[in-house]
Amino acid sequence: MSTPQTPAAGLPGLLSELAWRDILHASTPGLQERLATGRLIAAYIGFDPTASSLHVGHLIPIFGLIRLQRRGGRPVALVGGGTGLIGDPSFRSADRPMLSLDVARANADAIHVQLARFLDFTPGPIGAVMANNLDWLGKMSMIEYLRDIGKHFTVPYMLAKDSVQVRLEKGLSFTEFSYMTLQAIDFQHLYRNYGVEMQMGGADQWGNITAGLELIRRSAAAAGDGEAVAHGISYKLLLAPSGAKFGKSEAGESVWLDAARTTPFAFYQYWLNADDRDVATYMRWFTLWGPDEVASLDAAIAERPGDREAQRRLAYDVTARVHGDPAAQDAVEISAALFQRDPVSDPRLLARIHAATSGPVVGPGAVEGGVALLLAEAGLAPSRGEARRLVTGGGITVNGERISNPASVPTAVAGEWIEVRVGKRNRSVVRVNAG
RNA sequence: GGGUCGGUCGGGCAGGUGGUGAGCCCAAGGGUCUGUAAAACCCUCGCCUUCGGCUGUGGCAGUUCGAUUCUGCCCCGGCCCA
C-alpha cells in the first residue's frame, strides 16, 4: 500500500490520488501534463447492460467518475446499449451471450437510473452526462463503418492485442474480434461531439481504450502537431488480499446496487463482514476519505481489530452512498438489534427487521410441523434433511434458545414473529401468516 | 463426416475382469474459541416421514437372478483425421 500523501487539489492531483489509493494501473504519456494545465477535461467510462442492475463491482468505475467530477472534470457515463449487443471478448475464455435488443434496451434504461444517484447531473461545465452508444452505433451503415473506421485498423494491430491473443486458441468469432473497433467508435464519437478527451476503465479494458486512441489519432491526423489529443487511464483489477471473491455474498450471490435485489441490510452486512486484510483496500477504493482519515483507520485496524472500526465506517459510507442515509442508518440499527446477545422481543422491532431483510413468510402448518420443517419451508435450509442436521448439530437458535430437537414446536412472539438464527451470521425473522 | 477417449455429489477423483457405488480430496455448512473475524480443532455434507427407508454411475432400450461393468441406439465433451 502506498504511503498516503496529500495530492494536489483539482485535476492536477487526479493521478497521484489514484496512485496513493493503489488503484492506478496505467495511463497514457502526457496525461499528467494535460491535467496539470488545469483546463476542464471530460472523461468517460462504459457500462455494459448485461443485467438490469449494477453490482458492487461497478462501484470501481462509478468512483472513477465521482473522483473526476469532484476534481473539476466532467464525467460522462456511457451505457453500452449497442456494444452490449455484441459482447466484449476481452480476456473471456468463451463466447459471451449476445443480448436481445429489447433486453439490452431495458437494462440500459435501468442502469441509467442507477447511475443518476452517484453523480451531479446539474447542467454546467462539469455536469455529468449520460449517453447510450446504441444512438450512434445503431445508425451506422456497413459501408460507412468499413470506409471510415475499418480503414484505420490493420489486422496485425488488432491481432497483437493481448485480449485477442488469449482467445485465438479457443476461438473467436469475427463479431467479437470487431468489438474493439466499436468501442473505438464510441471514444471517437464522444471526442467529437462531447469534447471527451479521456477514457477510463479496468485493466482488462486497456486494449479497447488504446484502440480508441488509435482511431482518434489516425482520423485526426490533420492536426498533426505530435501532441496527444486523447488520453486513457486504467484501473487495477481488484484482488482481495484474503482471496475472497469480491462482490459475492457468503451464499455466492452477487451483491447488487438495486435494493430490490440486495436489501440495504444485506448490502451493509456485506461490507461489515469484510476481511481485515481486505478492508484497507476497500476503503481506499470505495470511499472519498482522504489520506489522513485512511491512515487513522489503518492504525485502528492494526491496534484494535476487534472493534472493526474501519469495517463499520466503510459499511455505513458505502451503504449511504448507494441507498441513502436513512437506509444506512436503518441497516445499522437492524444489525445491532439482530446481532446482540439477547433475542428481539419487541413485535414492532421484529416487524421492522422482517421488512428490512425481506424475511420469509410461512403458514401455521410449517410451525406446527416442528423446527426442521419451519427451516425448510422458510428457505433457511435447503432441505428438511439439512435442517435436521443443523438442529442436531446445535446450529439453530429460535427466539434466543438453542434448539436440539428437530421436532420441537416453536412459539411465535405475538403469535406472528419467530427469530431464527442459523449459525452465527445468518439471522432472520420469520413471519407466521395466520391466514 | 470418420476415428478415439471420456460423462459418478458444487468442483476434482476412486471404484481392473457382471455380485451391496452415498467412498476420498477440495469447496461448503454447523460447533468450540472469537470480533457477526482469521487461524486451529471437532462434526456434517444425495433425498425422505431418520434406530429406518428411497433414489442415484449422461438418456432410452436390451441381455441377466443381478449391470458403473456386457450389447444397441441417442445426447454431451476432449483429442486425432477429413
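For the numbers below, each heavy atom of this structure counts, side chains included, while hydrogens, waters and symmetry mates do not. Note on naming: letters A, B, ... go to the chains in the order of the sequence lines (proteins, then strands), and numbering restarts at 1 for each one.
- Spacing between B/G78 and B/C70 at atom P, rounded to whole Å, works out to 24 Å.
- Pairing for B/C47 is with B/G53, a Watson-Crick or G-U wobble pair whose two hydrogen-bonding atom distances lie under 3.5 Å.
- Within a 6.0 Å radius of CD in A/Glu401, no more than 12 heavy atoms belonging to other residues, nucleotides or ligands are found.
- Checking the phosphate oxygens (OP1, OP2) of B/G46, no side-chain nitrogen or oxygen of A/Ser383 falls inside 4.0 Å.
- Across all strands shown, A/Arg388 has heavy atoms under 4.0 Å from base atoms, whether or not it also approaches the sugar-phosphate.
- At a threshold of 4.0 angstrom between heavy atoms, the contacts of A/Gly306 include nucleobase atoms, whether or not backbone atoms are also involved.
- When the P atom is used for both B/C54 and B/U4, the distance is 41 Å, rounded to whole Å.
- Pairing of B/A14, defined by two Watson-Crick or G-U wobble distances under 3.5 Å, is not identified with any nucleotide.
- In this structure, the CG atom of A/Leu272 is 13 Å from the P atom of B/A38, given to the nearest Å.
- A/Gly385 comes within 4.0 angstrom of a nucleotide base, judged by non-hydrogen atoms across all strands.
- A/Arg402 comes within 4.0 angstrom of sugar-phosphate atoms only, judged by non-hydrogen atoms across all strands, and of no base.
- Using a 4.0 Å heavy-atom cutoff across all strands shown, A/Arg308 reaches at least one base atom of the nucleic acid.
- Going from the C1' atom of B/C45 to that of B/G29 covers 7 Å, rounded to whole Å.
- Pair assignment for B/A40 gives B/U32, based on Watson-Crick or G-U wobble hydrogen-bonding distances that are each under 3.5 Å.
- The C1' atoms of B/C48 and B/G56 are separated by 14 Å, rounded to the nearest whole Å.
- Under the Watson-Crick or G-U wobble criterion, with both distances below 3.5 Å, B/U4 is paired with B/G78.
- A/Ser335 comes within 4.0 angstrom of a nucleotide base, judged by non-hydrogen atoms across all strands.
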